[in-house]
4 protein chains.
Amino acid sequence: MDQNTNKKILILESALELIRENGFHGCPISQVAKQASVAAGSVYTYFESKDEMILELHRYVKSEVLKEISEKDHPEKNFEARFFDFWNNLTSLYQERAAFQSFLEQFTSSPYNTETMQLESDPWGEWTEAFFKEGIESGQLRPLNPKILSMMVMGSAISLIRFKTYFKTKTASTAQDLHLIPKMVWDGIKFQ
Amino acid sequence: MDQNTNKKILILESALELIRENGFHGCPISQVAKQASVAAGSVYTYFESKDEMILELHRYVKSEVLKEISEKDHPEKNFEARFFDFWNNLTSLYQERAAFQSFLEQFTSSPYNTETMQLESDPWGEWTEAFFKEGIESGQLRPLNPKILSMMVMGSAISLIRFKTYFKTKTASTAQDLHLIPKMVWDGIKFQ
Amino acid sequence: MDQNTNKKILILESALELIRENGFHGCPISQVAKQASVAAGSVYTYFESKDEMILELHRYVKSEVLKEISEKDHPEKNFEARFFDFWNNLTSLYQERAAFQSFLEQFTSSPYNTETMQLESDPWGEWTEAFFKEGIESGQLRPLNPKILSMMVMGSAISLIRFKTYFKTKTASTAQDLHLIPKMVWDGIKFQ
Amino acid sequence: MDQNTNKKILILESALELIRENGFHGCPISQVAKQASVAAGSVYTYFESKDEMILELHRYVKSEVLKEISEKDHPEKNFEARFFDFWNNLTSLYQERAAFQSFLEQFTSSPYNTETMQLESDPWGEWTEAFFKEGIESGQLRPLNPKILSMMVMGSAISLIRFKTYFKTKTASTAQDLHLIPKMVWDGIKFQ
DNA sequence: AATGAATGAGCTTTCATTCAT
DNA sequence: GATGAATGAAAGCTCATTCAT
């Protein structure tokens, strides 16, 4: 990773953190720059505009998620085991790097997420689609559109993360229940 | 509904529509006022600040959802039937009033959704929690924390809506698959 | 003249003065506003953008010039007398209100003066064209395109003003020569 | 012309072109450098500051005009012939190198044209003054301050150029009228 | 209560200039 | 000499909020 990439990523990570804390509203370029220890104007050396920076951040986050999840997948295992790995790795990642999940949610439900944007190549989306397709083709998942399966699973995972984040400080009493969730999801999508 | 309430709601609906179209960024008070056919200053007759208006909008949307869903629930039916009614009514409502779902999503993942805010009374949250509690107590749902059940179901419903919105113009080929989703969700949460 | 018009004109006059002193470069909105005793943002109550303000200023200056010159024209006089009135009134006006002439020159040779802009209605241009047309039709001016006559005369008048401004503090020795200029110009354009 | 001079002139010509197209506003150093195929910082090897570059450009343009016009003057001819040569050469030059005329106009009516600047030696100004002085001394021009004669003639020439540029695409119908202009100007300044 | 002109802090962005390489 | 990334002051503009009418 050369010097240039380093600084670009410093800026992206700075924006990511600010967006997690304060939303898109709360990440003026001045703050992004300050937190990345560069001058405000320097952001424009790396990005054409703030909008372009946000889009780049979206690509960055998705590629980081893809890297992490695909690395830890073992295609030689049977699909049920791979599914529980996937689930655990994804929820762990979203907990460790809460800003990833927070940013993706905010981005998805924001006007940055235009139709044009959705036409961009999306390696993470393709990877998950391929993953669930393998589950179907091996006869272990219901024969549905893999996009739908993917979206259902991701929606549940995000709900779980949100729940954990939300009740973190409140109660541990429901902890054992949360372990059941991947099983519930599996029961919903498995071939039966 | 008196004159005052009328105007307040006109303003809220104007904000709702703008937020759906352009996100929080794209709803300056000046626009909200213009679309509601009032003067900018008048918004401050009804709301202390823009933030307060957004919070009020949040309460308004939730109460509208509660009204619609609870009205169409028939507690005398068996729970499985009630569940499918719930699912269908919710997804229909979110499709008819897309701004409701869009706003709730944006709100939830925004910094408006503070800890303090989450301590507010939340009739819609209480209603759904009670709904799933009845399902558990009647032995038809897994004996989990009803908050978790609720969140899982809502997450799936929202994923479905998003999917429909996203693929509206693209393909109808997956239409039959979508009918299976409530069944899948039910298979995930039912007592077994 | 109502209150609104007053403030709009205050802002225009403030911009006019700054442009005379410092050119387009030297009239940031902040300065324009300060000199007009309004807040920076208020400028945008009256003008959509800085560019629009400059274009409006152009219309304003031209209309002021037209008002002044046409008021003092006496169509019942013979054309030669009217010509010398025109010359004297124009050079007097440009000396009294040096910013008018300075602005018009800067505007004309600036990129504000686009092709599109030149399609706008231009009462001052039309008035001068009609003026010289009458001179031609009464047989007192060379039968040329009145636009050309107009442009030649204006060019000379502006050269004279520039000369006077430039040598104001330097020498009065050429004063008597300057009186001859309108005669020279007349000799150039009169029918002979 | 050595390598250094070459690069300096490349930069000046680049600035000249940008100013013609976009005015002083539209010639950031970054663009000037790019169009001259040098790095932004390199401009500062040749010029102390942007202002200094503009002033140098002014000197450059004037010296080019002087070179062109003085080369084509034939002092052995009688003055009337020399005048028409002068007129034709000047208007041709300004048409061929439109950026010269555009720059000089913008410069003259800009705040770069300070009093201090006007005290600089000005070979082109001196040449034209001397030229008209010869016309006076030979008894062929009105005995006026040659500075005035010069300014009148130049003002008319510029008006003509502007007229031609402006109506280039619009009509050729006035073409024959334009031939009469140098005659008109001559009639205005000749001894009578 | 209702208005909308006025405010000014704060935003994104540009650009002349510097300086380590 | 030449480079171009980095700087940061200053530009144009937006918008939540106020207040005289």
Side-chain angles (χ1 to χ4, degrees), chain A residues 3-4 6-8 11 24-34 36-54, chain B residues 3-4 7 11 24-34 36-54, chain C residues 2-4 6-8 11 24-34 36-54, chain D residues 3-4 7 24-34 36-54:
Chain A
Q3 190 56 38
N4 258 10
N6 259 336
K7 227 172 226 176
K8 200 169 178 174
I11 292 170
F24 286 116
H25 246 99
C27 80
I29 292 291
S30 58
Q31 283 299 306
V32 172
K34 184 185 267 182
S37 307
V38 299
S42 302
V43 172
Y44 291 84
T45 306
Y46 296 97
F47 307 98
E48 284 207 347
S49 64
K50 189 183 177 181
D51 278 19
E52 188 48 51
M53 183 190 77
I54 299 285
Chain B
Q3 189 56 36
N4 260 9
K7 237 178 212 175
I11 292 169
F24 286 115
H25 244 99
C27 79
I29 291 290
S30 59
Q31 284 296 307
V32 171
K34 183 188 264 180
S37 307
V38 298
S42 302
V43 172
Y44 290 83
T45 307
Y46 297 99
F47 307 98
E48 282 203 350
S49 68
K50 189 183 178 182
D51 278 19
E52 187 48 50
M53 183 190 77
I54 299 285
Chain C
D2 62 32
Q3 190 55 38
N4 260 10
N6 259 336
K7 226 170 226 178
K8 198 169 179 174
I11 293 170
F24 287 116
H25 246 99
C27 80
I29 292 291
S30 59
Q31 284 298 306
V32 172
K34 184 186 267 182
S37 307
V38 299
S42 302
V43 173
Y44 292 85
T45 307
Y46 296 98
F47 307 98
E48 283 206 347
S49 65
K50 189 184 177 181
D51 278 19
E52 188 48 52
M53 183 190 77
I54 300 285
Chain D
Q3 189 57 36
N4 261 9
K7 237 177 212 175
F24 287 115
H25 243 100
C27 79
I29 291 290
S30 59
Q31 283 296 305
V32 171
K34 183 187 264 181
S37 309
V38 297
S42 302
V43 173
Y44 290 83
T45 308
Y46 298 98
F47 306 99
E48 282 204 347
S49 67
K50 189 184 179 183
D51 278 19
E52 188 48 51
M53 182 192 76
I54 299 286

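Computation of the quantities below employed the complete heavy-atom set of this structure, encompassing side-chain atoms and omitting hydrogens, waters and symmetry-equivalent molecules. If you're wondering where the values come from, they're calculated on a predicted model, not measured in any experiment.
Residue C:V38 is classed as a sugar-phosphate contact, given heavy-atom separations below 4.0 Å to backbone atoms only.
Between B:P28 and A:A40, the residue anchored nearer the 5' end of DNA chain F, judged by the nucleotide with its closest heavy atom, is A:A40. Of the residues near DNA chain F, D:T45 and C:S49, the one whose nearest nucleotide (by heavy atom distance) lies more toward the 5' end is D:T45.
Taking all atoms of both residues into account, the shortest heavy-atom contact from A:I11 to A:V43 is CD1-CA, 4.2 Å. The minimum heavy-atom distance linking D:K7 with D:Y46 is given by the pair CD-OH, 3.4 Å.
Between A:K8 atom NZ and F:dA5 atom C1' the separation is 14 Å, expressed in whole Å. The CD-P distance, from B:E52 to F:dT17, rounds to 11 Å in whole Å. Rounded to whole Å, atom C1' of F:dG12 lies 19 Å from atom OH of C:Y46.
Here the nucleotide nearest the side chain of D:I29, chosen from E:dT17, F:dT18, F:dT14, is E:dT17. Comparing E:dA2, E:dA6, F:dC13 against the side chain of B:K7 picks out E:dA2 as the nearest. Distances were taken from every side-chain heavy atom of A:S42 (C-beta onward) to each of E:dA16, F:dA6, F:dC13; the shortest belongs to F:dA6. Which of E:dT17, F:dA6, F:dG4 sits closest to the side chain of D:A39 comes down to F:dG4.
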